[in-house]
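Sequence lines set the chain letters: A, B, ... in the order given, protein chains first and strands last, and positions in each chain run from 1. For the numbers below, each heavy atom of this structure counts, side chains included, while hydrogens, waters and symmetry mates do not.
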Amino acid sequence: MTEVWFVAVAVLGALIVLTLVRLLIGPTAPDRVVALDTVNTLTVASMIVLSVAYEQTVFVDVAIVYALLSFVGTLYIAKYLGGEISA
Amino acid sequence: MIADTIIMVCLGIGLLFNALGVLGILRFPDVYTRLHAETKTTTFGTIFISLAVIVYGAARVMEGETGTYLTLSVHTFVALLALAFTNATGAHAIARAAHRSGQVPKPAVVDRLQEVRE
Amino acid sequence: MIAFLVTALFAYLVYLVLTAGSGTIGLWSQAELIAGGGISLVVAAISRKFFCRTGEYRMANPLRWVLLVAYAAVPFFIEMARANIDVAYRVITGKIRPGIVKLSTGLETDLGVLLLANSITLTPGTLTVGVDEETNDLYVHMINIGMGTETKESFEPDDVFALFQFPEWIRRIAE
């Protein structure tokens with residue numbers, strides 16, 4: 001049963017690498033933010049699956065905090081791109 | 001045994017929709033359509049992956065192992081709620097920022113927001 | 001004072017959910033129950049002004065939370081599944097006809113508009129781009145506008161949601 005979880009993590013890792021292609025080629029800043037947001041979501045999913053694979057419940061707590069903090073990061077970048085905060 | 005089947009199905013659905021979302025991000029022509037693919041499919045896929053984990057924890061609790069597996073299920077559920085709420089709001093923020101920074105939806109048949117701005 | 005109590009109670013509930021399974025009094029240990037009480041009082045003292053900013057206590061009614069859970073579990077989940085199949089179809093075939101339209105909602109509170117905007121973002125073919133803060137109208141990016149409908153000045157919710165009356169549900173939850 002444990003192998004299933006590792007396979008899932010491997011697939012999620014491959015998807016993150018594919019999303020990084022969009023992060024690299026752009027072409028505009030909002031496109032990159034969309035890709036970054038996807039990477040964040042997939043990272044949360046991988047953390048949840050890894051917590052089962054390694055039987056470490058603490059990983060899920062990290063995932064909760066990561067989800068909330070990445071949301072704040074996304075909001076901040078979005079505000080900056082919209083011209084409401086000057087760097 | 002039934003729990004194992006449910007876990008496999010949930011994980012399969014979750015990974016499939018995550019993969020479709022990533023494919024959409026690579027394929028669609030402009031930032032708004034990419035956001036469509038990103039928000040809907042990755043949220044749905046991650047919800048199903050979390051459901052698989054919740055079912056796994058619940059099945060272990062049913063077998064009589066308490067403590068950490070109950071915590072696992074409950075915390076995964078909290079993570080799921082956090083993700084479902086923040087993802088939609090984050091997408092809204094990105095879309096608003098993209099429009100404010102002058103990204104025109106292209107191709108598009110109509111743009112009422114641009115008409116209001118002008 | 002009411003703001004302080006509501007915030008403290010909410011913080012305590014969240015703490016209890018996060019520490020479930022730690023001991024034998026119900027599901028919790030004595031230490032967690034006491035520590036949670038102390039921490040939630042400190043949190044309430046700091047954050048009551050943000051948490052109860054509008055000065056309305058509608059959402060303190062548990063019935064509204066039950067409705068919210070029912071809404072998320074049945075109509076919203078079905079619409080979300082439809083949305084994903086729809087997006088999957090468009091990712092594979094590439095058939096899109098996008099544009100931004102105006103959607104008049106008729107909702108009044110900020111929370112109602114937030115819930116509807118988030119619901120719209122996760123349901124078929126639509127994505128919220130902007131909010132008109134005076135009239136609470138939403139600007140919605142649709143991935144596939146029906147032929148001929150793009151000339152309409154503003155859309156009604158019925159044009160967007162095929163199976164369920166989302167604004168009705170949200171009015172019952174948040175207003």
Side-chain angles (χ1 to χ4, degrees), chain B residues 13 16-17 20-30 32-33 35-41 43-45 47-48 61 66-75 77-78 81 84-85 87-92 94-96 98-100 104-117, chain C residues 14 16-23 27 72 76-77 80-92 94 96-103 114-115 117-132 137-145 147 149-155:
Chain B
I13 293 174
L16 174 72
F17 276 104
L20 281 170
V22 172
L23 198 63
I25 289 172
L26 293 173
R27 248 182 77 106
F28 276 156
D30 76 333
Y32 302 98
T33 41
L35 265 175
H36 271 282
E38 190 258 318
T39 334
K40 292 183 187 53
T41 50
T43 310
F44 195 69
I47 283 179
F48 264 90
V61 172
T66 47
T68 57
Y69 288 104
L70 179 68
T71 319
L72 179 74
S73 282
V74 173
H75 284 209
F77 188 69
V78 174
L81 286 183
F85 251 93
N87 247 353
T89 318
H92 182 179
I94 297 171
R96 183 164 174 272
H99 208 277
R100 283 177 71 102
V104 191
K106 192 180 155 189
V109 290
V110 61
D111 189 348
R112 296 277 178 217
L113 189 56
Q114 195 63 38
E115 291 165 19
V116 173
R117 287 270 152 76
Chain C
V14 171
L16 288 185
V17 167
L18 283 174
T19 55
S22 58
L27 287 169
F76 181 67
F77 199 78
M80 200 165 154
R82 271 184 62 215
N84 280 276
I85 292 162
D86 182 72
V87 168
Y89 168 77
R90 293 193 197 287
V91 167
I92 292 164
I96 51 173
R97 196 163 178 278
I100 296 181
V101 299
K102 187 176 170 183
L103 180 76
L114 170 75
L115 276 176
N118 277 2
S119 303
I120 281 175
T121 300
L122 293 174
T123 49
T126 49
L127 175 84
T128 318
V129 178
V131 183
D132 186 330
D137 287 344
L138 295 171
Y139 291 94
V140 178
H141 182 273
M142 291 181 77
I143 201 166
N144 195 39
I145 298 180
M147 280 290 176
T149 52
E150 71 264 23
T151 50
K152 272 209 257 184
E153 188 61 34
S154 94
F155 276 59

Exercise for review: Kindly give the heavy-atom pair with the smallest separation between C:T128 and B:A95, and that separation in Å.
Suggested key: O-CB, 3.8 Å
Check your understanding: Less than 4.5 Å apart, any side-chain heavy atom of B:T33 and any of C:L127?
Key -> no
Point to revise | Region of C:A81 that comes under 4.5 Å of a non-hydrogen atom in chain B | key: both
Practice item. Please determine, among B:H75, B:R27, B:H36, the option with the most heavy-atom pairs under 4.5 Å with chain C. Key: B:H36
Practice item. Name the region of B:F28, side chain, backbone, both or neither, that has any atom closer than 4.5 Å to a heavy atom of chain C. Key: side chain
Check your understanding: Side chain, backbone, both or neither: which part of B:I94 has a heavy atom under 4.5 Å from chain C?
Key -> neither
Exercise for review: Heavy atoms only: give me the nearest B:T41-C:N84 pair and the separation to one decimal.
Suggested key: CA-OD1, 3.1 Å
Review point. Checking heavy atoms, do the side chain of B:F77, its backbone, both or neither come under 4.5 Å from chain C?
Key: neither
Exercise for review: Taking all heavy atoms of C:V87 and all of B:K40, pick out the closest pair and write down the distance.
Suggested key: CG2-CD, 3.5 Å
Check your understanding: Where is the tightest heavy-atom contact between B:T43 and C:M80, given as atom of each residue plus distance?
Key -> CG2-CE, 4.1 Å
Exercise for review: Describe, in one word, how the ring planes of C:H141 and B:Y32 are oriented to each other, choosing from parallel (under 30°), tilted (30 to 60°) and perpendicular (over 60°).
Suggested key: parallel
**Study point:** For B:H99 against C:V129, the heavy-atom pair lying closest together
**Key:** CB-CG1, 4.0 Å
